[in-house]
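First comes the structure, then the notes that go with it.
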Amino acid sequence: MATEGPAVRRVQVAEHPRLLKLKEMFNSKFGSIPKFYVRAPGRVNIIGEHIDYCGYSVLPMAVEQDMLIAVEPVKTHVLQLANTNPLYPDFSTSANNIQIDKTKPLWHNYFLCGFKGIQEHFGLSDLTGMNCLVDGNIPPSSGLSSSSALVCCAGLVTLTVLGMNLSKVELAEICAKSERYIGTEGGGMDQSISFLAEEGTAKLIEFSPLRATDVKLPSGAVFVIANSCVEMNKAATSHFNIRVMECRLAAKLLAKHKSLPWKEVLRLEEVQAKLGISLEEMLLITEDALHPEPYSPEELCKCLGISLQELKTQILSPNTQDVLTFKLYQRAKHVYSEAARVLQFKKICEEAPDNMVQLLGELMNQSHMSCRDMYECSCPELDQLVDICRKFGAQGSRLTGAGWGGCTVSIVPADKLSSFLANVHEAYYQRSNRSLAPEKQSLFATKPGGGALVFLEA
């Protein structure tokens with residue numbers, strides 16, 4: 001249940017090779033034994049891209065790849081962070097003076113987001129220190145939420161060290177809010193699924209209030225993740241935050257067009273809720289109210305009857321104040337059509353018609369087309385990979401995660417899986433000379449995994 005906290009499991013560390021290795025590395029690093037371990041999974045979003053921060057439901061599942069942290073509380077007030085991957089340098093800081101540098105999305109800042117979120121939630125100032133060793137096997141900057149998994153893992157680590165209790169929903173909400181310390185204006189999907197996931201089922205995640213509903217995926221098909229190997233770090237680029245702002249501006253213009261109090265409107269979903277109409281009707285209003293040509297800051301000011309100064313200080317975020325053009329029509333069209341596809345996807349899963357896999361695949365294909373043409377968050381490598389996946393037997397394939405790189409997700413009939421994997425591997429990875437390190441986990445079938453957990457040594 002979402003009202004409960006994350007599960008606590010007693011395990012024989014010696015029987016779990018990864019935990020055992022982590023324990024040994026922790027001992028050689030800190031000269032002591034971890035008190036407990038925490039895991040938080042990455043996720044793949046099956047459908048519903050870039051709509052969580054607009055207020056709409058999404059349909060992710062947790063993957064088995066995760067962040068794993070070994071923890072030992074210490075008497076000093078020092079937070080010592082280390083990573084099993086030598087690419088990520090050690091970091092230490094005072095537990096009572098957490099500074100998060102928005103200009104550099106360094107790995108330890110994601111840990112600090114989760115730590116600070118819990119600290120602020122309970123209004124604590126005098127915090128105990130801890131030694132932490134982090135081990136992640138989610139490919140970084142791949143659209144599988146490695147960074148959110150680290151924020152969630154750190155939040156649960158901090159909660160456990162404090163001996164406090166929170167429900168999974170509360171944890172997800174705190175971690176979603178605290179990840180914004182790094183400068184990413186994301187929605188809450190990644191943190192929600194990391195805590196609310198259950199083995200064997202995808203989830204429809206709805207927002208305000210946050211809740212999760214099981215979605216039973218078709219038994220005759222497998223979801224396959226393929227990494228384009230183009231890295232995209234949301235916090236390091238402005239694309240993501242510009243899209244958030246374009247959606248906010250589109251919501252304000254649509255609200256003004258319908259004589260709603262536009263100043264308090266922040267999300268596209270609010271406009272629909274206030275008008276009490278369907279997503280299909282919202283698409284028609286978008287056609288009426290917005291034009292496909294990009295808007296300049298001056299035109300936006302004219303539409304809303306405000307000054308350039310007001311636009312910059314009251315509406316735009318600090319990192320989007322110098323943007324010169326905003327595409328509002330395209331972004332709103334993507335969001336309203338994608339929100340409708342999520343609901344159709346869930347309905348098909350519930351009704352389970354004979355041609356279910358084909359129907360779900362068509363929705364995934366439409367989603368990719370909209371991400372590519374309307375939201376412009378694809379890239380040539382993702383488009384090529386999607387085409388290859390469809391060519392070799394995927395009923396549907398789309399980018400997943402923020403886009404501009406990262407992974408695709410494809411729905412593949414179970415009986416075609418082995419030939420699909422072999423052919424895609426050859427066509428995308430071997431031919432294009434993407435001879436990548438194995439930790440990139442280029443291509444793998446996945447099934448819905450469980451959520452965040454605390455492990456105690458039995």
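The chain is numbered in sequence order, starting from 1.
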For Glu287, check salt bridge (Lys or Arg N to Asp or Glu O under 4.0 Å) against everything at least two apart and list the hits. Lys333

Closest approach of His50 and Cys54, non-hydrogen atoms and distance? O-SG, 3.9 Å

Which heavy-atom pair separates Asp52 from Met189 by the least distance, and what is that distance? OD2-N, 3.1 Å

Could you tell me which non-hydrogen atom of Ser141 sits nearest to which non-hydrogen atom of Ser146, and how far apart they are? N-OG, 3.9 Å

With a 4.5 Å limit on heavy-atom distance, are the side chains of Phe420 and Val222 in contact? no

Would a 4.5 Å heavy-atom cut-off, applied to side chains only, mark Val271 and Tyr336 as touching? yes

Expected output: side-chain Tyr429 to main-chain Ser442 donor-acceptor under 3.5 Å: yes

Short N-O contact, Glu246 and Arg243, less than 4.0 angstrom: yes

What pairs meet the ring pair (Phe, Tyr, Trp, His ring centres under 6.0 Å) rule with one or both residues in residues 251-278, with sequence neighbours excluded? none

Side chains of Glu49 and Arg398: does their closest heavy-atom pair fall under 4.5 Å? yes

Between the side chains of Arg43 and Ser145, is a donor N or O closer than 3.5 angstrom to an acceptor N or O? yes

Checking Glu269 now: which residues fulfil side chain to side chain contact (heavy atoms under 4.5 Å, CB included) with it, not counting sequence neighbours? Tyr56, Ala273

Taking atom CG of Asp288 as the centre, report whether more than 12 heavy atoms of other residues, nucleotides or ligands fall under 6.0 Å from it. yes

Please name all residues satisfying salt bridge (Lys or Arg N to Asp or Glu O under 4.0 Å) with Asp90, sequence neighbours left out, ordered by chain then number. Lys29

Applying salt bridge (Lys or Arg N to Asp or Glu O under 4.0 Å) to Lys203 and not counting sequence neighbours gives Glu198, Asp214

If we only count heavy atoms from C-beta on, is the Ile285 to Ile277 side-chain gap below 4.5 Å? yes

Could you tell me which residues satisfy side chain to side chain contact (heavy atoms under 4.5 Å, CB included) with Leu453, sequence neighbours excluded, listed by chain and number? Ala7, Arg9, Arg39, Phe455

Mind checking side chain to side chain donor-acceptor pair (under 3.5 Å) for Glu293 and listing every partner two or more places apart, or none if nothing turns up? His291

side-chain hydrogen bond (donor to acceptor under 3.5 Å, both in side chains) pairs, two or more places apart, involving residues 308-320: Ser307-Glu310, Ser317-Asn319, Ser317-Thr320

Results of side chain to side chain contact (heavy atoms under 4.5 Å, CB included) for Ala176 - residues two or more places apart only: Gln191

Tell me, with the steps shown, if Tyr375 and Ile51 meet side-chain contact (heavy atoms from CB on, under 4.5 Å). CA-CA 11 Å; Tyr375 221 73; Ile51 63 175; over 6 Å; no

Would you indicate whether the side-chain heavy atoms of Ser148 and Tyr110 approach each other to under 4.5 Å? no

Is the distance between the ring centroids of Tyr53 and Phe240 under 6.0 Å? yes

Sequence neighbours left out, what passes salt bridge (Lys or Arg N to Asp or Glu O under 4.0 Å) with Arg180? Give chain and number order. none

Determine all donor-acceptor pairs shorter than 3.5 Å in which one atom belongs to a side chain in residues 340-350; sequence neighbours excluded.
from	atom 1	to	atom 2	distance (Å)
Arg341	NE	Glu338	OE1	2.8
Arg341	NH2	Ser337	OG	3.1
Arg341	NH2	Glu338	OE1	2.9
Arg341	NH2	Ser370	OG	3.4
Lys346	NZ	Glu350	OE2	2.7

With distance as the sole criterion, is a donor-acceptor pair present between the side chains of His334 and Asp373 under 3.5 Å? no

Should Ser296 and Glu299 be marked as a side chain to side chain donor-acceptor pair (under 3.5 Å) after you check the CA-CA gap, both sets of side-chain angles, and the distance that decides it? CA-CA 5 Å; Ser296 66; Glu299 185 183 357; 4.9 Å; no

Side-chain heavy-atom pair Thr93, Leu112 within 4.5 angstrom cut-off: yes

Is there a side chain to side chain donor-acceptor pair (under 3.5 Å) between Ser142 and Asn227? Walk through the geometry before answering. CA-CA 7 Å; Ser142 66; Asn227 193 346; 4.8 Å; no

First locate atom CG of Leu217, then atom OG1 of Thr201, and finally report the distance between them rounded to the nearest 0.5 Å. 6.5 Å

Cys377 versus Trp404: any side-chain heavy-atom pair under 4.5 Å? yes

Is there a donor in the side chain of Glu362 and an acceptor in the side chain of Gln366, or the other way round, less than 3.5 Å apart? no

Measure the OG1-CG distance between Thr400 and Asn45 for me, rounded to the nearest 0.5 Å. 5.0 Å

Partners passing side chain to side chain donor-acceptor pair (under 3.5 Å) against Asn97 (at least two apart in sequence or in another chain): Gln99

Answer yes or no: is there a side-chain heavy-atom contact under 4.5 Å between Leu171 and Ile118? yes

Do you know which two heavy atoms are closest between Cys175 and Phe195, and how far apart they sit? SG-CE1, 3.9 Å

How close do Lys327 and Arg331 get, heavy atom to heavy atom, and via which atoms? O-CG, 2.7 Å

For the student: nearest non-hydrogen atoms of Pro292 and Gln330, plus distance: O-NE2, 2.8 Å

